[in-house]
Amino acid sequence: MNRRQLLMLTLPLMAAPGALMAAPAAKTPPKKGAGYDPSPTEVPIREGFEVGSIVVVSDDYYLYHVVAPGRAIRYGVAVGKDELVWKGRALIGRKVEWPSWKPTPAMIERKPEQYKKYENGMPGGPTNPLGARALYLYTAGGNDTAIRIHGTTEPGSIGRAVSNGCIRMRNDAVMSLFDQVPVGTPVYVY
C-alpha cells in the first residue's frame, strides 16, 4: 500500500479538505501530464461516508461517489473560481434532464455583457451551459442553495476553477452519476 492510499484510509473527516482525499491541494489548475486524471476511476476513500453519498474536494478538482465502505468512483470536475467556491453540506433536492438555465442576479451584476441576455432563462439542450443533466443542491431545511452539479458544454474546463460556484462534470460523467443517485443523496463539498 502506498502513502497516498494509507492516508486516504486513515485521515479523520475533519482533516484539511485536501488531505481528506490524500492528494496535494492544487491552488492553480492542474496541468496535463501532472497526474490529474478526470476519467471515472474507482479509488479508495476514507471510511465513514455514507454509501451513495457524494464528496467534492474543490481544491483537488474531484468528485467522489461513495459506492461501498472505503470505495468511491472519482470523477474530475470544474469548480467555482476564486471567491465563488461553495462549500458545505447539502442534499440532492431535485434532478433534471436537459435542464433550463437562468443566471443568478449576482452573475448578471458581475458580467452583464455576458449574462444579461439570458436573464429570462435559456431552455435546456446541447448548447445550454448546464449540459445534459443537473443535480440541484438543497439545504437540509429544503432551501435551494443555487448550486448545481451539472454537465457542461466546455469539457476542457474540467480540472479548473472556472464556474460561478457550481460543480461541472463532463456530460457523460454527469449522466452516469445522475442515473445512480436518488433525490435525498447527501453531498459534502470541501
Side-chain angles (χ1 to χ4, degrees), residues 21 23 26-41 43 54-65 72-88 90-108 110-138 144-181 183 185 187-190:
M21 297 306 149
K27 296 300 176 196
T28 59
K31 296 179 174 81
K32 290 189 186 235
Y36 180 77
D37 182 5
S39 304
T41 306
V43 296
I54 295 171
V55 180
V56 179
V57 181
S58 299
D59 286 347
D60 295 338
Y61 307 102
Y62 284 121
L63 176 151
Y64 299 82
H65 178 221
I73 302 298
R74 182 189 71 197
Y75 298 91
V77 296
V79 297
K81 56 187 169 194
D82 303 322
E83 74 283 357
L84 301 175
V85 174
W86 181 86
K87 295 183 180 185
L91 301 170
I92 295 175
R94 190 169 84 129
K95 296 171 35 169
V96 179
E97 295 184 28
W98 295 107
S100 60
W101 172 73
K102 183 177 178 181
T104 66
M107 290 169 68
I108 295 170
R110 272 192 307 275
K111 292 188 175 181
E113 68 285 353
Q114 185 174 351
Y115 298 120
K116 179 84 169 147
K117 62 187 169 190
Y118 300 114
E119 69 183 332
N120 294 319
M122 178 183 196
T127 60
N128 186 296
L130 293 185
R133 305 288 184 273
L135 304 169
Y136 292 66
L137 302 188
Y138 283 70
D144 187 350
T145 66
I147 301 299
R148 317 290 182 239
I149 297 172
H150 63 80
T152 184
T153 55
E154 301 174 9
S157 69
I158 302 305
R160 308 201 182 299
V162 295
S163 80
N164 281 288
C166 289
I167 300 156
R168 296 182 188 176
M169 300 177 75
R170 292 187 309 203
N171 277 329
D172 59 330
V174 79
M175 290 168 67
S176 175
L177 185 65
F178 183 96
D179 290 340
Q180 296 175 54
V181 298
V183 168
T185 296
V187 179
Y188 304 92
V189 182
Y190 297 97

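Note that the structure is a prediction, hence the values are computed from the model and not measured.
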Flag side-chain contact, heavy atom, 4.5 Å: Trp98 against Asn128
no
Say you draw a straight line from CD1 of Ile167 to CG of Leu135; how long is it, rounded to the nearest 0.5 Å?
9.5 Å
So, taking the atom named CH2 in Trp101 and the one named CZ in Arg148, what distance separates them when rounded to the nearest 0.5 Å?
12.0 Å
Mind listing the closest non-hydrogen atom pair of Tyr75 and Ala173 along with its distance?
CD2-CB, 3.6 Å
A side-chain contact here means heavy atoms from C-beta on lying under 4.5 Å apart; do Arg168 and Ile158 qualify?
yes
Should Ile54 and Leu177 count as side-chain neighbours, where that means a heavy-atom distance under 4.5 Å?
yes
When you measure from the side chain of Thr145 to the backbone of Leu137, do you find a donor-acceptor pair of N or O atoms at a distance under 3.5 Å?
yes
Counterpart residues, salt bridge (Lys or Arg N to Asp or Glu O under 4.0 Å), relative to Asp37 (two or more places apart):
none
Steps toward side-chain contact (heavy atoms from CB on, under 4.5 Å) verdict (Tyr115, Arg110):
CA-CA 9 Å; Tyr115 298 120; Arg110 272 192 307 275; over 6 Å; no
Indicate the atoms forming the closest heavy-atom contact of Ile147 with Trp86, along with that distance.
CG1-CG, 3.6 Å
What I'd like to find out is whether the side chain of Met122 reaches to under 4.5 Å of the side chain of Pro129, using heavy atoms alone.
yes
Heavy-atom pair with the smallest gap, counting every atom of Cys166 and His150:
CB-NE2, 3.4 Å
Looking at side-chain heavy atoms only, is the closest gap between Pro155 and Asn171 below 4.5 Å?
no
Short side-chain to backbone donor-acceptor contact, Lys95 and Val181, under 3.5 Å:
yes
Which heavy atom of Ala134 sits nearest to which heavy atom of Pro99, and what is that distance?
CB-CG, 3.6 Å
A side-chain contact here means heavy atoms from C-beta on lying under 4.5 Å apart; do Met169 and Ser176 qualify?
no
Tyr136 versus Leu130, closest heavy-atom pair with distance:
OH-CD1, 4.3 Å
Go through the structure and list residues passing side chain to side chain donor-acceptor pair (under 3.5 Å) with Tyr138, not counting sequence neighbours.
none
Do you know the tightest heavy-atom contact between Ile73 and Pro40?
CG2-CB, 4.1 Å
Do Lys81 and Val162 come within less than 4.5 Å of each other through their side chains, counting heavy atoms only?
no
Is a donor on one side and an acceptor on the other found under 3.5 Å between the side chain of Tyr36 and the backbone of Tyr61?
yes
Once you round to the nearest 0.5 Å, how far does CG of Asn120 lie from OG of Ser100?
12.0 Å
Please tell me if the side chains of Leu91 and Val187 come closer than 4.5 Å, counting only heavy atoms from C-beta onward.
no
